[in-house]
Amino acid sequence: MKYSEFFIPTVKDIPSDAEIISHKLMIKAGMIKQSSAGIYSWLPLGFKVLKNIEQIVREEQNNAGANEMLMPTIQSSDLWVKSGRYDDYGKEMLRIKDRSGREMLYGPTNEELITDIFQTYITSYKELPKNLYHIQWKFRDEVRPRFGVMRGREFLMKDNYSFDLNEETAKISYNKMFKAYIKTFLRMGLTPISLRAETGPIGGNLSHEFQILANTGESTLYYDKELESLDPESLDPEKLQSYYAAVDDEHDEAKCPIKKEDLKISKGIEVGHIFYFGTKYSQKLKAYVQDKNGKRIAVHMGSYGIGVSRLVGALIEANHDEKGIKWPMSVAPFKLSIINLMPDDQNCTTMASDYYSNFMAGNIDTLYDDRECSIGKKII
RNA sequence: CGGGGAGUAGCGCAGCCUGGUAGCGCACCUGGUUUGGGACCAGGGGGUCGAAGGUUCGAAUCCUUUCUCCCCGACCA
């Protein structure tokens with residue numbers, strides 16, 4: 001991309017709205033523009049990063065055998081009434097009426113829809129296991145959106161859903177995802193810490209949340225130092241899950257099972273959460289399959305979420321210094337930048353243009369600053 | 001949802017207390033000089049002061065209502 005053709009509205013004076021560093025830097029770099037509380041437009045530079053993150057998430061999902069699809073943002077209320085969550089979700093759910101007065105909603109998550117899709121088509125144990133996902137915008141009408149894109153009301157999330165015949169195979173699916181998550185965050189240059197978590201309103205009895213280390217994170221984590229040096233080649237989910245890790249209000253020094261010298265304390269930001277919740281939704285939404293004996297049984301489900309748009313902010317929280325954002329190469333908006341310091345010099349300009357064409361031909365996403373302006377402006 | 005704060009030019013802010021018809025920096029436009037770290041000089045454009053109502057000869061300024069946004073807390077991917 002030639003800088004002269006790129007829309008990148010950088011600013012010197014940051015709006016006083018922005019409080020945390022990632023939010024400030026994203027505004028300064030011209031990545032996002034707030035549209036209303038917790039709702040943002042993604043300007044070209046921010047959009048590139050968002051897409052890079054999304055692509056890593058996608059590739060690791062596909063590697064783990066999940067099927068990408070796309071479900072709508074607007075859903076009808078009926079499935080939610082069936083699952084019982086139409087009332088449970090309360091004011092966080094944005095409810096809308098269509099022209100004929102039908103009750104609709106902007107989806108905060110997709111368990112109901114996916115379960116309905118599943119039950120329409122899958123009727124035999126022979127078709128299991130299945131794992132379906134999509135990367136789609138969600139809306140949760142938070143009481144208090146904050147921290148820029150890290151806690152927006154509208155956010156991009158990868159969510160997937162596994163379907164298995166029984167608890168035993170469901171746990172295999174669960175661990176596959178667990179492993180995919182660790183790999184995903186490692187590829188982004190982050191340090192993921194997995195913690196056993198409460199299942200909350202989604203229900204179920206097995207759940208992990210994934211935090212990434214960042215000095216500015218909201219949670220304080222206590223964990224085995226081994227978790228900081230994971231090798232993606234030899235990941236063993238069972239072993240990983242056996243390491244100690246807890247958030248501060250669950251950590252009790254007296255009961256901590258590991259030695260003090262093995263314990264690390266850092267700040268973290270939650271970027272992913274996985275759940276195994278058994279047959280909670282499959283029963284209510286009638287997702288049954290027939291087993292070998294012809295008996296109809298409710299499928300065992302899990303759901304798995306990664307906050308894609310939140311990751312953009314979280315990445316910056318984890319990777320910046322006083323000068324600005326330090327992009328990990330895998331998510332950087334450009335891989336290389338060429339700055340022509342002497343645009344009036346024909347040789348220099350020819351050389352810069354040649355380099356630019358060659359890098360682009362070699363598939364190296366390059367930003368070429370071809371503007372005729374003073375040096376300082378280009379380098380900052 | 002409780003507590004606090006803010007809405008004045010595209011962005012950052014001053015003016016408000018003590019009413020007299022709006023100003024500064026950045027950005028933008030024109031001309032000139034510059035060109036290895038967000039250039040300089042000169043000239044210029046741009047504002048129903050969030051909205052509505054009230055008080056007053058006169059309201060950005062005082063009063064009432066309302067909308068929006070932010071921060072702290074509780075809550076949460």
Side-chain angles (χ1 to χ4, degrees), chain A residues 3 7-20 23-24 27-30 32-40 43 53 57 88-94 106-111 133 135-160 181 185 192 194-195 197-202 207-212 217-219 247 249 268-275 303-314 323-324 337 339-345 348-349 352 369-380:
Chain A
Y3 205 117
F7 178 68
I8 173 167
T10 56
V11 292
K12 282 200 268 190
D13 295 322
I14 297 154
S16 51
D17 285 1
E19 193 65 21
I20 58 161
H23 193 193
K24 286 182 181 169
I27 291 168
K28 193 172 179 194
I32 50 168
K33 182 187 189 301
Q34 181 167 326
S35 165
S36 54
I39 302 178
Y40 295 85
L43 307 178
I53 290 172
V57 171
D88 293 353
Y89 238 93
K91 284 188 153 182
E92 257 191 47
M93 181 184 273
L94 180 64
Y106 196 119
T109 177
N110 288 68
E111 276 84 5
Y133 78 100
I135 300 172
Q136 177 64 293
W137 293 92
K138 308 286 191 295
F139 194 93
R140 293 183 193 169
D141 203 351
E142 297 276 345
V143 239
R144 190 179 159 210
R146 56 182 129 176
F147 306 140
V149 298
M150 285 209 292
R151 176 112 178 258
R153 291 193 294 172
E154 189 184 53
F155 57 98
L156 186 62
M157 176 167 150
K158 184 283 303 172
D159 45 320
N160 57 326
Y181 270 42
F185 300 128
S194 53
L195 304 102
E198 294 302 312
T199 48
I202 293 183
S207 173
H208 283 87
E209 62 177 56
F210 294 79
Q211 303 237 4
I212 56 111
E218 263 204 296
S219 336
V247 291
D249 51 346
I269 299 169
E270 186 182 356
V271 291
H273 208 145
I274 64 179
F275 303 87
S303 77
Y304 314 86
I306 290 181
V308 176
S309 48
R310 170 180 283 191
L311 265 169
V312 180
K323 288 180 187 159
S337 165
I339 298 171
N340 186 355
L341 293 180
M342 292 164 50
D344 290 335
D345 183 297
C348 190
T349 298
D369 196 337
D370 58 336
R371 294 173 301 168
E372 300 214 12
C373 61
S374 67
I375 174 77
K377 211 168 179 176
K378 295 185 180 183
I379 292 179
I380 295 296

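Only a predicted model underlies this, so the values are computations on that prediction, with no experimental measurement involved. Lettering follows sequence order; numbering is per chain, from 1.
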Enumerate all atom pairs, one protein N or O and one N or O from nucleotides 68-74 of chain B, separated by less than 3.5 Å.
unit_1	atom_1	unit_2	atom_2	d
B:C69	OP1	A:A37	N	3.1
B:C69	O3'	A:Q34	NE2	3.2
B:C69	O2'	A:D17	OD2	3.3
B:C70	OP1	A:Q34	NE2	3.1
B:C70	O3'	A:D17	O	3.4
B:C72	OP2	A:R144	NH1	3.4
B:C72	OP2	A:R144	NH2	2.4
B:G73	N7	A:R144	NH1	3.4
B:A74	N6	A:R146	NH2	2.7

Say we look at B:A74 and B:U66: how far apart would their P atoms be, to the nearest angstrom? 28 Å
Checking all strands, does A:I375 fall into the base, sugar-phosphate, or nothing category for heavy-atom contacts under 4.0 angstrom? sugar-phosphate
Span that lies between the P atom of B:G25 and that of B:A42, in whole angstrom: 12 Å
For nucleotides B:G73 and B:A14, find the distance between their P atoms and express it as a whole number of Å. 25 Å
Should A:S374 be listed as having a side-chain N or O under 4.0 Å from OP1 or OP2 of B:A39? yes
Just checking A:I306: base, sugar-phosphate only, or nothing, at a heavy-atom cut-off of under 4.0 Å? nothing
If you compare all heavy atoms of A:Y3 against all heavy atoms of A:D369, which two are closest, and at what distance to 0.1 Å? CB-CA, 3.6 Å
Parallel, tilted or perpendicular: which one describes the rings of A:F210 and A:F185, with boundaries at 30° and 60°? tilted
Mind checking A:K158 for me? I need base, sugar-phosphate or nothing, with any heavy atom below 4.0 Å counting as a touch. nothing
I'd like a list of close polar pairs between nucleotides 22-33 of chain B and the protein, N/O only, cut-off under 3.5 Å.
unit_1	atom_1	unit_2	atom_2	d
B:G25	N2	A:D13	OD2	2.9

What residues, two or more places apart in sequence or in another chain, satisfy ring-ring contact (aromatic ring centres under 6.0 Å, His included) together with A:F147? none
